[in-house]
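The basis for the numbers below is simple: all heavy atoms, side chains too, and nothing from hydrogens, waters or symmetry mates. Just so you know, these numbers come straight off a predicted model, no measurement behind them. Residue numbers start from 1 in every chain, and the chains themselves are labelled A, B, ... in the order their sequence lines are given, proteins ahead of strands.
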Amino acid sequence: MSGGAWYAWVGVALSTLGFFGFVVHRHLVRRLLAFNIMGSGCFLLLVGLAGDGRAIDPVAQALVLTGIVVAVASTALALVLLRRWYRVSGESVLPEDV
Amino acid sequence: MNPLPWLVALPLTGAILVFVLPGRWRAQVSLALLVPVAFASLLTLAGVLSQGTQSHVLGGWLAPLGIGLRADGFAAGMAVLTALVATPCLVHAAFSLRTKAAREGFWPLAWFLWAALNTIWLSADLFNLYVGIELLGLAAVGLVALAGSAQSLAAAMRYLLVALLGSLLYLLGVALIYAALGSLALADLAAHGAGEPTVLIAVVLMTFGLLLKTALFPLHGWLPPAHGGALTPVSALLSALVIKASLFILVRLWLTMGPGAMPVTLAWTLGLMGGGAVFWGGWMALRQTRLKILVAYSTVAQIGLLFLFFPLVTGTPIAAATLAWDGMVLMLAAHACAKAAMFLAAGNLVLAIGGERIADLNGVCRFRPFSLLCFGIAGVSLSGLPPSGGFAAKWLLVQSALASGQWIWLPVLLGGGLLSAAYVVKVLASALVEGPVSDRFKVPSLPLDLSAFVLGCISLVLGLVAHTPLAWLRAGGPFAGGG
């Protein structure tokens, strides 16, 4: 297995693990961490598949950099909302029934 | 001068500009900015109609590293629809927002929202669409949280989680397509995508992610609290435009590959989920006791009607597919105007009675007839009564279902109309009953009622003049020859 394919498979494993954690957990910090793991898996998959057997691909790198910026921004917003929700309600999970 | 970059640059500049301005100037500056942004949208549409599909390469950097913008009839039409719907909503916001946080926080977020919407309409590659939909999600979540109550914070948090999951699934699909084709341009996807198994897996992942963001039944759980609990102009923007953005990307994906290349099973799954949405959303709307939550469930139902497009366009004769396209696009436009009008009118009624409960509407027809009239006009289009845009759209979808022999969608279209008429009448009936002897109704200012009225009238007139805008929206697309 070439290096790129190895990274791609690790990426698939991380995304699956992250997806599983995101769906199973209720605690909001855990869900946020799961989202970040899933995101890292996606980025690894993107770079791994693009670099498979070819020279290093600048486009894939640029895409992943943009993706990381987006993920950091989303995580920051989620943390702000989470802290506010915790202060208002004293809960770290969402009310399940609407 | 090419107006395409301005469609993105102007709202983006506006967002940053109003963010650095002191809070009390933000509304005035935003209202002034509406003029050039709306003008750029109209200019784009005019350009597409006179010279065909427009494109622009930002900064002269060519693809794959640079970002290209492209406007066909559908994209330009959506940009104009955005301006048409957002303008009354922003006017409403300028007069209706009361708390300091809402008055100051709304404007930068609303402009970011607009910039994201225009980015999505004009994107020519899959990754730019990803950035657009992420920016859209973040701005929308911020707007939902502006209401400030515990419920709206929980709704915003749930919305954010769903939006994040949806965009990661979309990103996974982007990664797979890039690996398979070595390009992310929609044009390359159109040329080489069909028949590639990797691309098919990618499209299924992306479809699932986009369905989460569009809130198609049974993935709609986040929508009613988020749309129903937000500030009134925010609810209107979210229900009218934001959910249409993920649907727009889905339609783009579907048509770029050619409807023939997509699996019929997937199309029928989308159609059946849409059918479920129409009945479940309508039934839930009928059971609500709070006005804005009722309107939010009506959005769940109407989204379902838009998804009937997919089975009607996949593997059907070109005549039926063209009718389905016209019906879907008209439904999209009519719903955007009618739902924005209904949310604004509902917000005005809530303001008048000082509460959310539908039962408290008793007597409102005597004291606030104009606010109620606006709600009724929007209801006419939503339940698909002639001569509204909603009626013409349903008529086209029925024609398409008959032409392709897919009779199964007729009960969905007709039953959905009956259900929407039922929940609109439920509100009107409560408002027409003479209430407890009380005239303690607050008076929404005239611009609030007028913004709802204008949007309602547009959705009504859309049915009479549908032919021309439909021809515009077909320009440059796969159905350009039909009509």
Is A/Ser15 in contact with chain B via its backbone, its side chain, both, or neither, using a 4.5 Å heavy-atom distance?
side chain
Any donor-acceptor N/O pair, A/Arg84 side chain to B/Gly148 backbone, under 3.5 Å
no
Evaluate the side-chain contact (heavy atoms from CB on, under 4.5 Å) criterion for residues B/Tyr130 and A/Thr66: first the C-alpha distance (whole Å), next the side-chain angles of each, then the deciding distance (0.1 Å), finally the verdict.
CA-CA 10 Å; B/Tyr130 165 72; A/Thr66 316; over 6 Å; no
Between A/Met38 and B/Leu164, does a side-chain contact (heavy atoms from CB on, under 4.5 Å) hold up when you go through it step by step?
CA-CA 10 Å; A/Met38 193 181 163; B/Leu164 291 180; over 6 Å; no
Selection from B/Ala155, B/Ala150, B/Ala180, B/Gly142 maximising heavy-atom pairs under 4.5 Å formed with chain A
B/Ala150
Where do B/Tyr178 and A/Leu49 land on the side-chain contact (heavy atoms from CB on, under 4.5 Å) test, with the steps shown first?
CA-CA 8 Å; B/Tyr178 188 70; A/Leu49 285 178; over 6 Å; no
Would you check, one step at a time, whether the test side-chain contact (heavy atoms from CB on, under 4.5 Å) holds for A/Phe35 with B/Leu161?
CA-CA 9 Å; A/Phe35 157 74; B/Leu161 289 176; over 6 Å; no
B/Phe127 and A/Gly67: which non-hydrogen atoms are nearest, and at how many Å?
CZ-N, 4.1 Å
Do you know which of A/Leu82, A/Leu77, A/Val80 has the most heavy-atom pairs under 4.5 Å to chain B?
A/Leu77
Using heavy-atom distances under 4.5 Å, tell me whether B/Leu184 contacts chain A through its side chain, its backbone, both, or neither.
side chain
Most contact-rich option vs chain B, by heavy-atom pairs under 4.5 angstrom, among A/Leu32, A/Leu63, A/Val88, is A/Leu63
From B/Leu153 atom CG to A/Arg83 atom CZ, the distance as rounded to the nearest 0.5 Å
13.0 Å
Looking only at heavy atoms, the pair that brings A/Leu94 and B/Ala154 closest together is CD2-O, 3.8 Å
Count the heavy-atom pairs under 4.5 Å between each of A/Ala78, A/Ser74, A/Gly41 and chain B, then report the option with the highest count.
A/Ser74
Relative to chain A, which segment of B/Leu160 carries a heavy atom at a distance below 4.5 Å: side chain, backbone, both, or neither?
side chain
Contact part of B/Val141 toward chain A, heavy-atom cut-off under 4.5 Å: side chain, backbone, both or neither?
side chain
Run the side-chain donor-acceptor check on residues 215-230 of chain B: report pairs under 3.5 Å with partners two or more places apart or on a different chain.
from, atom 1, to, atom 2, distance (Å)
B/His220, NE2, B/Trp280, NE1, 3.4
B/Trp222, NE1, B/Leu212, O, 3.0
B/His227, ND1, B/Ser239, OG, 2.9

Rounded distance (nearest 0.5 Å) linking atom CG of A/Leu28 with atom CE of B/Met157:
4.5 Å
Give me the atom names and distance for the closest heavy-atom approach of B/Leu168 to A/Gly39.
CD1-N, 3.6 Å
